[in-house]
Amino acid sequence: MTDGESSNNSKPPHKAYKITNIKTYVPLILDLTTQNYEPWSALFKAHCIAYDVLDHIDDTYDAPNQPSTDPEWEKLDSMVLLWLFGSISQNLITAAYSKPPTARKIWLNLHSLFYDNKEATAMQLETEL
């Protein structure tokens, strides 16, 4: 096999790696004070669909229950995690963080902060005012 043949057989990098600034694609910053979860989540999910990484935030692959052993999947999950952290406020990073951090866990925690915990969110907003 020649060098040219081996490079033709190599797999091109995943298209998600081409994203250097998530704010170009998801221009909203998710924050409790702006209550913009619906438009933010729709933009973020559309971005994940377009870049073939939706399985990192939906229930296609349940990372908390089945830890991945695929290094490529783990790298992509870290990429999606960075996108999440790059598109939410610092307060939400702290509030949504969990160990070990996976994109799915953070996505679910964010949803929970805005929907499952309305009373606590209201109390936090009152406290901040």
Side-chain angles (χ1 to χ4, degrees):
M1 181 182 288
T2 66
D3 287 338
E5 288 174 345
S6 66
S7 65
N8 287 339
N9 292 333
S10 65
K11 187 177 175 182
H14 195 283
K15 61 184 175 179
Y17 294 124
K18 295 177 183 175
I19 305 303
T20 57
N21 184 0
I22 189 63
K23 292 176 187 172
T24 303
Y25 302 92
V26 183
L28 300 174
I29 297 294
L30 181 63
D31 189 39
L32 282 171
T33 58
T34 57
Q35 293 293 310
N36 59 350
Y37 179 80
E38 286 294 326
W40 173 86
S41 64
L43 279 169
F44 197 92
K45 189 173 183 178
H47 179 74
C48 288
I49 291 168
Y51 284 89
D52 295 328
V53 290
L54 183 63
D55 59 329
H56 292 268
I57 61 170
D58 73 3
D59 60 358
T60 302
Y61 179 85
D62 195 359
N65 297 325
Q66 303 170 2
S68 174
T69 57
D70 178 7
E72 180 66 13
W73 195 94
E74 289 179 5
K75 286 167 85 175
L76 284 168
D77 197 66
S78 292
M79 176 72 70
V80 176
L81 186 62
L82 290 170
W83 291 348
L84 283 166
F85 287 153
S87 64
I88 65 177
S89 69
Q90 289 181 354
N91 289 340
L92 278 179
I93 291 172
T94 303
Y97 186 81
S98 64
K99 279 187 161 182
T102 64
R104 172 90 172 134
K105 280 184 183 179
I106 301 304
W107 180 260
L108 291 174
N109 290 349
L110 289 169
H111 184 272
S112 178
L113 284 169
F114 284 88
Y115 284 102
D116 299 341
N117 208 4
K118 287 183 179 179
E119 188 174 310
T121 301
M123 288 185 348
Q124 179 182 354
L125 290 172
E126 266 185 40
T127 303
E128 287 177 9
L129 291 174

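Here, residue 1 is the first one in the sequence, and each next residue gets the next number.
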Check the pair R104 / D55 against side chain to side chain contact (heavy atoms under 4.5 Å, CB included), numbers first and verdict last. CA-CA 9 Å; R104 172 90 172 134; D55 59 329; over 6 Å; no
Validation row, ring centre W107 to ring centre H56 under 6.0 Å: no
Could you check M79 against V53 for side chain to side chain contact (heavy atoms under 4.5 Å, CB included), going step by step and ending with a plain yes or no? CA-CA 9 Å; M79 176 72 70; V53 290; over 6 Å; no
Set of side-chain contact (heavy atoms from CB on, under 4.5 Å) partners for I93, sequence neighbours left out: F85, I88
Can you tell me how far OG1 of T20 sits from CG of L82, rounded to the nearest 0.5 angstrom? 12.5 Å
With sequence neighbours excluded, residues passing side chain to side chain donor-acceptor pair (under 3.5 Å) with S89: D31
Student check: side-chain heavy atoms of Y51 and V80 closer than 4.5 Å: no
Going by the rule side chain to side chain donor-acceptor pair (under 3.5 Å), which residues pair with Y25 if we only count those two or more places apart in sequence or in a different chain? none
For A103 against L84, the heavy-atom pair lying closest together: O-CD1, 3.6 Å
Under 3.5 Å, side chain of S78 to main-chain N/O of E74, donor-acceptor pair present? yes
With ring centroids as reference points, do H111 and Y37 lie under 6.0 angstrom apart? yes
I'd like to check the side chain to side chain donor-acceptor pair (under 3.5 Å) partners of S87; sequence neighbours left out, ordered by chain and number. W40
With sequence neighbours left out, what residues match K15 under salt bridge (Lys or Arg N to Asp or Glu O under 4.0 Å)? D52
Tell me the closest heavy-atom pair linking L113 and L32, and the distance in Å. O-CD2, 4.5 Å
Just how far is it from atom CD1 of I57 to atom CH2 of W83, taken to the nearest 0.5 Å? 9.5 Å
Can you list everything that forms a side-chain contact (heavy atoms from CB on, under 4.5 Å) with S98? Sequence neighbours excluded, please. K105, I106, N109
For the side chain of N36 and the backbone of I29, is there at least one donor-acceptor N/O pair under 3.5 Å apart? yes
Partner residues of L43 under the side-chain contact (heavy atoms from CB on, under 4.5 Å) criterion, sequence neighbours left out: V26, P27, L28
Heavy-atom check, side chain of F114 versus side chain of L92, under 4.5 Å: yes
